[in-house]
Amino acid sequence: MPTEKKPKLLCEDKIRHAEYYGMQMVLDDLYHRSKQNEVFPNLMELILSRENILLAYRNIKTNTGSNTAGTDKLTIKDIQKLSADDVVEKVRFIMIGSKHGYRPKTVRRKEIPKPYDPSKTRPLGIPCIWDRLVQQCIKQIMEPICEARFSENSYGFRPNRSVEHAIAETHRLMQRSNLHYIIEFDIKGFFDNVDHAKLIRQIWSMGIRDKQLIYILKCILRAPIKMPDGSISYPQKGTPQGGIISPLLANIVLNELDHWIDSQWHENPVTRNYSIRFNKAGKEILSHGYRAMRTTKLKEIYIIRYADDFRIFCRTKTDAERTKIAVTKWLEERLHLEISEEKTKIVNAKRRYSDFLGFKIKVHPKGKKEVVKSHISDKQLSNKKTALVSQAKNIARPRPGKTEFEEVTLYNSMVMGIQNYYQIATCISRDCSKLSRAVMTVFTNRLRIQRNSRLSKEGRKLTKIEWERYGTSAQIRYLAGTKEPIYPIGYTQHKPPHSKKRSLCSFTPEGRIGLHDNLRINTSLMLALMRLPLNGKSIEYADNRISLFSAQWGKCAVTGKDFRATGEIHCHHIKPVKHGGYDNYGNLILVLEPVHKLIHATLGTVIARYMNMLNLDSQQMKKLNKLRASAGLFEIV
């Protein structure tokens, strides 16, 4: 049964992780200095710091891709077995220890079929796990420097930004600013055609001037690729899709385009000659400057970019035609990127829909104004229909090795994914009704056994989240036998997209207010615990110990008393290692030293001594005996 968690920004966990390892102040400092246009000639010391390497492990260990092997056949599970000291030393040796310098291992090329069109594939480069860890170490230090200099109109693969924010800004430009001429650009094979020399110059111009780091970045870009047929390719351009650092590098490449478009109107120096106000979201209101600029021959244009997918909004058709030519030439001459003439076009949003990020959007008259009307794009609607119908058939006849429960769970996750992503479309209810008719036809026809139907209006009790979302729907059905609910795809409601709050920032104390709460625990003790020698314990043990300190609010899991010194904190394996227990999070718990000794005590005199010392109540004794039972020991009465 799929569960739905409270929505949160992806960067929240990363902020918390940085706090666990004492890196947040370092990242804040890099961001602040970058905002002041400082240069950074000595970043390798930060990249190779123990805290940054352990933080990198923490950030990638739960990625699904970390379980995918590279050409060396290793995954994150192979790193988990090593001690923290061994991992730190290994990363340092890989990057600077060898006499030959950094040499990334061969990247495994895998052709991934495009969704719903198996005839077409997308090339994916899978680096070896140690190289992925190296890239994560670099990304963590480079990101705050780059974030300080990125355009506000870029939304893809950046902290605190999402598709919803990009669509909200699209709606604003079309409905409130009345910019109805949209240029839909398509760059031919962007990730495969990035110019390496140009990218290195762009990184240098951002203030990242550590020559040793620049050398390592060049090595990453030129890492040999093992093709599916076994041959080795040596790339002269492009960034491998699948590399951890690739999205950041892609944003660096196109950041120059963002600022060039912004300088034509949005960030034109003329606007600074007029009074500036701020709205509730903290965004500058430059209307006085814009009013004056409209009396000139300047073109009013805005860009919204999500990775390599971007749209430029213009006020007139003439401006759009001229801008299309100018941007095409600029990309060819400055970034050496080619535009697809067949897919690049100008759309008048009053007459036709414009496709962007899986939505189709236009404006239509309502009263005396034009308002936005948006749907799931035709291509995506067809794709989602095909996928849902196929999965509905799998519920009727489960695939080999799959149960009805698993098939229903997968179908429900697909339904929730579609509703969560596309609910910001104004006509989402109408689109989902079309999907509902298609899948209900399958359910009605295929879940019928002679005259009896396997669909029921009654089933198990819905969880709180399920009830809040689907409890009042007459469309919900249950699969007889499993009693599992089948979520109704047609039962969804439009949610207006929210713009990004300009005040939110992962790299300033004031910008994190409202983004997440500061740790309400003894952080100095937690950092001291993190820095304790581990005597050969695995890096997984070290990382989970810090997580537990935060999850337990810095208190003993049995007595509830605050830890006051690192010597008091003992990390207990619930299932002992000698009985097959591992260092995974669910098998560890933090307790006070005397509690730990009492858990393992077998002699009556030892048990009596610690019982007198701790004076446990009934609830605490219940927790203690549960831990003793898991360790295979008798109950203390």
Side-chain angles (χ1 to χ4, degrees), residues 8-19 21 23-41 43 46-47 52 55-56 59-60 135-166 169 199-200 202-210 213-214 217 239 243-263 266-267 281-284 303-308 310 499-516:
K8 65 176 181 178
L9 296 171
L10 295 178
C11 63
E12 282 187 54
D13 286 338
K14 291 185 178 179
I15 293 173
R16 187 67 79 212
H17 299 168
E19 291 176 338
Y21 286 96
M23 287 295 295
Q24 192 60 61
M25 290 182 64
V26 174
L27 304 181
D28 289 357
D29 180 63
L30 291 172
Y31 180 85
H32 174 73
R33 289 165 58 197
S34 184
K35 274 289 187 184
Q36 306 303 315
N37 292 319
E38 290 188 28
V39 297
F40 303 88
L43 291 174
L46 290 175
I47 290 171
N52 188 57
L55 174 61
N59 282 332
I60 73 168
Q135 290 187 27
Q136 181 65 31
C137 291
I138 295 171
K139 177 179 180 289
Q140 288 167 181
I141 299 302
M142 284 182 59
E143 189 170 58
I145 298 172
C146 297
E147 276 295 313
R149 307 196 187 198
F150 280 160
S151 167
E152 284 292 334
N153 296 316
S154 162
Y155 294 91
F157 305 112
R158 294 180 59 190
N160 309 315
R161 292 167 183 268
S162 66
V163 168
E164 180 179 355
H165 298 145
E169 188 66 8
L199 172 56
I200 294 301
Q202 289 173 316
I203 292 172
W204 188 270
S205 69
M206 280 194 161
I208 299 171
R209 299 184 182 178
D210 186 313
L213 173 58
I214 294 294
L217 290 172
T239 59
I244 286 176
I245 204 170
S246 292
L248 177 62
L249 297 180
N251 276 329
I252 291 174
V253 171
L254 292 174
N255 183 56
E256 194 173 336
L257 169 67
D258 299 336
H259 283 297
W260 179 67
I261 297 294
D262 291 344
S263 69
H266 176 59
E267 292 181 354
K283 183 179 179 182
E284 292 181 334
I303 186 172
I304 297 179
R305 182 174 66 81
Y306 193 96
D308 62 326
F310 66 96
S499 298
K500 176 192 176 294
K501 290 185 178 180
R502 303 288 167 159
S503 59
L504 289 182
C505 177
S506 297
F507 305 112
T508 62
E510 59 276 10
R512 289 191 290 273
I513 296 174
L515 191 58
H516 87 307

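By convention here, the first residue in the shown sequence is residue 1. Scope of the values below: all heavy atoms of this structure, side chains included, with no hydrogens, waters or symmetry mates.
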Which value, rounded to the nearest 0.5 Å, describes the distance between His266 atom NE2 and Glu152 atom CD? 7.5 Å
Does any part of the side chain of Glu143, heavy atoms only, come nearer than 4.5 Å to the side chain of Pro159, both counted from C-beta? yes
Look up atom OG1 in Thr239 and atom CG in Leu217, then write down how far apart they are to the nearest 0.5 Å. 12.0 Å
Ignoring hydrogens and geometry, is there a side-chain-to-backbone donor-acceptor pair from Glu267 to Trp260 under 3.5 Å? no
Any donor-acceptor pair under 3.5 Å from Gln136 side chain to Ala56 backbone: no
Taking C-beta and beyond as the side chain, do Lys139 and Asn59 meet within less than 4.5 Å on heavy atoms? no
Taken to the nearest 0.5 Å, the spacing of Leu30 CG from Leu46 CG works out to 6.0 Å
Just so I know, are the side chains of Ile208 and Cys146 near enough to count as touching, which here means a heavy-atom distance under 4.5 Å? yes
For the pair Gln202 (side chain) and Val253 (backbone), establish whether a donor and an acceptor sit closer than 3.5 Å, ignoring hydrogens and angles. yes
Does Phe40 reach the side chain of Ile141, with side-chain heavy atoms less than 4.5 Å apart? no
Main-chain N/O of Lys500 paired to Arg161 side chain as donor or acceptor, under 3.5 Å: no
Does the pair Gln140 and Asn52 meet the rule for a side chain to side chain donor-acceptor pair (under 3.5 Å), with working shown? CA-CA 8 Å; Gln140 288 167 181; Asn52 188 57; 2.7 Å; yes
Minimum heavy-atom separation for Ile245 to Gln135, with atom names? N-OE1, 3.1 Å
Rounded to the nearest 0.5 angstrom, the SG-CD1 distance for Cys137 and Ile60 is 8.0 Å
Distance col, row Asp258:CG vs Phe310:CZ, nearest 0.5 angstrom, shows 9.0 Å
Taking the side chain as every heavy atom from C-beta outward, state whether Ile145 and Phe507 have any atom pair closer than 4.5 Å. no
From His165 NE2 over to Asn153 CG, what is the distance, rounded to the nearest 0.5 angstrom? 13.5 Å
When every non-hydrogen atom of Ser162 is compared with those of Tyr306, the smallest separation belongs to C-CE1, 4.0 Å
Would you say Ser154 and Asn251 make side-chain contact, with heavy atoms under 4.5 Å? yes
My understanding is that only one of Leu254, Leu257, Asn255, Ile303 makes a side chain to side chain contact (heavy atoms under 4.5 Å, CB included) with Ser151; could you say which? Asn255
Has the side chain of Arg149 got a donor or acceptor atom that lies under 3.5 Å from a matching backbone atom of Met206? yes
Check: Glu147 and Asn160 side chains under 4.5 Å, non-hydrogen atoms: no
Hey, are Arg305 and Glu169 close enough for a salt bridge, meaning a charged N less than 4.0 Å from a carboxylate O? no
Would you mind reporting whether Ile203 and Leu249 have side-chain heavy atoms less than 4.5 Å apart? yes
Could you tell me whether a side-chain N or O of His32 sits under 3.5 Å from a main-chain N or O of Asp29, the two making a donor and an acceptor? no
Which pair of heavy atoms, one from Leu27 and one from Ala18, lies closest together, and at what distance? CD1-CB, 4.3 Å
